Amino acid sequence: MFAVPENTVALAAAPTLKTPARIAREFALDRDRWKRHLRYDPVERFFTLLERTDDHEVWLMSWLPGQSTDLHDHGSATGAFTIVSGVLTELVMRANTTLELQAGQSRVFAPHYVHQVSNNGADPAVSIHVYRTTREMRTYP
């Protein structure tokens, strides 16, 4: 049997860094954290900053049918996004792939990940996006 001396002090484990996907999922599941910020803009996709820490930014986005981003990347940022409701379509340039993303699904991206996200469906969509480092958006023609 293993015995621990009485004068032994247990140190707290080093805090673990949550991944962007985990942060996005936690926010998506906790609607009380963001529902009062949710808006739908008939002219352009709505987005608002929910949280900024030294480690990450969390953004809430809503998408009416037909709304989309330009083809873009986020510079040196890594991150993830989770679909809260609705369906979003993601065009991933490097893989030349189009993905249909349903509520509950998440996507993770690395620096210089070029993509386009759009709501091609008939219903509004909501998503949570997390960026490590400051969010930067560079568009492509």
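Computed from a prediction, not measured in an experiment: that's the story for all the values here. Keep in mind that the numbers below use all heavy atoms, side chains included, and drop hydrogens, waters and symmetry copies.
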Less than 3.5 Å apart, which donor and acceptor atoms pair up between the side chains of residues 78-94 and the rest of the protein, not counting sequence neighbours?
from	atom 1	to	atom 2	distance (Å)
Thr82	OG1	Ser106	OG	2.6
Thr89	OG1	Asn120	ND2	3.3
Glu90	OE1	Arg107	NE	2.7
Glu90	OE2	Tyr113	OH	2.8
Glu90	OE2	His115	ND1	2.7

Note to self: On a heavy-atom basis, which atom in Gln102 and which in Gln105 lie closest, and how many Å separate them?
What the structure shows: N-OE1, 2.6 Å
Check: Do side-chain atoms of Trp34 reach the backbone of Phe27 as a donor and acceptor pair under 3.5 angstrom?
Finding: yes
Check: With a 4.5 Å heavy-atom cut-off, do Thr19 and Val108 have their side chains touching?
Finding: no
Note to self: On a heavy-atom basis, which atom in Leu49 and which in Val58 lie closest, and how many Å separate them?
What the structure shows: CD1-O, 3.5 Å
Check: Can you tell me if Gln67 uses its side chain to pair, donor with acceptor, with the backbone of Asp41 under 3.5 Å?
Finding: yes
Check: Taking it one step at a time, do Val126 and Tyr40 satisfy side-chain contact (heavy atoms from CB on, under 4.5 Å)?
Finding: CA-CA 10 Å; Val126 175; Tyr40 294 95; 3.4 Å; yes
Next item on the list: Quick one: do Lys18 and Glu26 satisfy side-chain contact (heavy atoms from CB on, under 4.5 Å)? Show the steps, please.
Entry: CA-CA 10 Å; Lys18 289 184 184 179; Glu26 287 175 358; 2.8 Å; yes
Notebook entry, point to check: Do you know the tightest heavy-atom contact between Trp63 and Ser127?
Noted result: NE1-OG, 2.9 Å
Notebook entry, point to check: How are the rings of His72 and His74 set to each other: parallel, tilted or perpendicular (split at 30° and 60°)?
Noted result: perpendicular
Next item on the list: Would you confirm whether Thr69, through its side chain, and Val117, through its main-chain N or O, come within 3.5 Å as a donor-acceptor pair?
Entry: yes
Check: What are the two closest heavy atoms between Ser62 and Leu38, and how far apart are they?
Finding: CB-CD1, 3.8 Å
Next item on the list: Just grab all the salt bridge (charged side-chain N to carboxylate O under 4.0 Å, His left out) pairs involving residues 115-127, residues at least two apart or on different chains.
Entry: none
Checklist line | Heavy-atom pair with the smallest gap, counting every atom of Ser68 and Gln116 | finding: OG-NE2, 4.3 Å
